[in-house]
Novice: 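One structure is given below, represented as structure tokens, and several questions about it will come after.
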Amino acid sequence: MDTVFIRGLEIPTLIGVAEWERQVEQIVVINLELATDITPAAAGDDLREALDYSVVSKRLREFIGASTFQLIETLAERTAQMILDEFPVRRLRLELVKPRPNSGGHTVGIIIERSAPGE
């Protein structure tokens with residue numbers, strides 16, 4: 001199995017439980033590893049046979065940008081399910097990072113791994 005990855009994708013969204021978090025968009029950072037078979041794309045040098053990371057990135061921006069979840073756990077779970085539903089991905093590892101700029105520079109986040117049915 002091969003891996004297509006996207007790292008450091010920054011997306012503004014509403015996320016959080018605190019009242020101030022419900023009023024202002026924050027940046028979340030997505031790191032994503034997608035298990036797929038690149039053989040058909042490589043054999044024909046054909047983008048139509050590839051898992052197009054630019055299309056995946058665009059969909060992530062749309063989905064996450066429109067979300068209003070309170071918990072990063074919910075956002076990660078729903079994002080993973082959307083990817084498995086819409087793209088030819090067998091497994092994924094999703095890291096969702098929520099930088100905390102007013103807290104001394106640390107970040108918080110979650111990492112989940114999910115598989116398509118039957119994998």
Side-chain angles (χ1 to χ4, degrees):
M1 191 56 42
D2 308 303
T3 302
V4 171
F5 68 86
I6 298 168
R7 293 192 181 126
L9 182 62
E10 297 182 353
I11 303 172
T13 191
L14 287 177
I15 186 76
V17 177
E19 186 174 326
W20 72 267
E21 291 178 304
R22 308 309 301 160
Q23 305 299 319
V24 61
E25 287 187 332
Q26 299 177 70
I27 298 294
V28 295
V29 180
I30 302 295
N31 297 309
L32 187 60
E33 296 177 5
L34 306 165
T36 191
D37 182 5
I38 69 161
T39 307
D45 198 26
D46 188 349
L47 179 60
R48 292 172 298 183
E49 296 292 331
L51 176 59
D52 188 338
Y53 52 81
S54 65
V55 173
V56 175
S57 296
K58 179 181 178 192
R59 184 65 179 112
L60 287 166
R61 288 184 190 284
E62 292 169 354
F63 183 82
I64 293 171
S67 73
T68 58
F69 301 114
Q70 292 186 38
L71 302 178
I72 60 174
E73 292 86 348
T74 308
L75 179 56
E77 189 67 40
R78 301 283 172 81
T79 300
Q81 190 60 56
M82 178 274 295
I83 292 166
L84 291 171
D85 289 345
E86 296 182 16
F87 295 97
V89 172
R90 295 182 183 175
R91 288 183 309 282
L92 64 82
R93 181 178 187 273
L94 184 146
E95 179 180 3
L96 190 148
V97 179
K98 184 177 170 186
R100 306 289 300 197
N102 297 328
S103 62
H106 76 277
T107 60
V108 297
I110 190 165
I111 298 172
I112 65 171
E113 296 184 22
R114 299 292 181 266
S115 298
E119 289 295 316

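Note that the numbering runs from 1 along the sequence shown for the chain.
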Novice: Can you give me every donor-acceptor pair (side chain of residues 34-45, partner residue at least two apart or in another chain, under 3.5 Å) with its distance?
Specialist:
residue, atom, partner, partner atom, Å
Thr36, OG1, Pro88, O, 3.0
Asp37, OD1, Thr39, N, 2.9
Asp37, OD1, Thr39, OG1, 2.7

Novice: For residues 7-14, which side-chain donor-acceptor pairs fall under 3.5 Å, sequence neighbours excluded?
Specialist:
residue, atom, partner, partner atom, Å
Thr13, OG1, Ile64, O, 2.6
Thr13, OG1, Ser67, O, 3.2
Thr13, OG1, Ser67, OG, 3.2

Novice: Is there side-chain contact between Leu32 and Tyr53, with at least one heavy-atom pair below 4.5 Å?
Specialist: no
Novice: Is the shortest side-chain heavy-atom distance between Ile72 and Val28 below 4.5 Å?
Specialist: no
Novice: Is there a donor-acceptor contact under 3.5 Å from the side chain of Arg93 to the main chain of Asn31?
Specialist: no
Novice: Can you see which heavy atom on Trp20 is nearest to which on Gln26, and at what distance?
Specialist: CH2-OE1, 3.9 Å
Novice: Could you tell me whether Arg78 atom CZ has more than 12 heavy atoms of other residues or ligands within 6.0 Å of it?
Specialist: no
Novice: Answer with yes or no whether the hydrophobic clustering places Val97 together with Ile15; edges join I, L, V, M, F, W, Y residues whose side-chain heavy atoms lie under 4.5 Å apart.
Specialist: no
Novice: Drop me the distance from Leu60's CG to Lys58's NZ, to the nearest 0.5 angstrom.
Specialist: 12.5 Å
Novice: Would Ile6 end up clustered with Leu75 when hydrophobic side chains under 4.5 Å apart are linked, directly or stepwise?
Specialist: yes
Novice: Do Glu119 and Met1 touch side chain to side chain, with heavy atoms closer than 4.5 Å?
Specialist: no
Novice: In Å and rounded to the nearest 0.5 Å, what is the CZ to OG1 distance from Phe69 to Thr79?
Specialist: 7.0 Å
Novice: Could you walk me through whether Glu21 and Lys98 pass the side-chain contact (heavy atoms from CB on, under 4.5 Å) test, one step at a time?
Specialist: CA-CA 12 Å; Glu21 291 178 304; Lys98 184 177 170 186; 2.7 Å; yes
Novice: Which residues pass the side-chain contact (heavy atoms from CB on, under 4.5 Å) test with Asp85, not counting sequence neighbours?
Specialist: Gln81
Novice: For residues 108-118, which side-chain N or O atoms pair as donor and acceptor with protein atoms under 3.5 Å away, sequence neighbours left out?
Specialist:
residue, atom, partner, partner atom, Å
Arg114, NE, Glu77, OE1, 3.2
Arg114, NE, Glu77, OE2, 3.2
Arg114, NH2, Glu77, OE1, 2.7

Novice: Group every Ile, Leu, Val, Met, Phe, Trp and Tyr by side-chain heavy-atom contacts under 4.5 Å, then state whether Ile27 and Leu71 land in the same group.
Specialist: no
Novice: Residues two or more places apart in sequence or in another chain: which of them pass side chain to side chain donor-acceptor pair (under 3.5 Å) with Gln70?
Specialist: none
Novice: Taking side chain to side chain donor-acceptor pair (under 3.5 Å) as the definition, give me every residue that meets it alongside Arg59, ordered by chain and number, with sequence neighbours left out.
Specialist: Glu86
Novice: Is there a path of hydrophobic side-chain contacts, each under 4.5 Å between heavy atoms, that joins Phe63 and Leu51?
Specialist: yes
Novice: Which pair of heavy atoms, one from Leu96 and one from Ala76, lies closest together, and at what distance?
Specialist: CD1-N, 4.0 Å
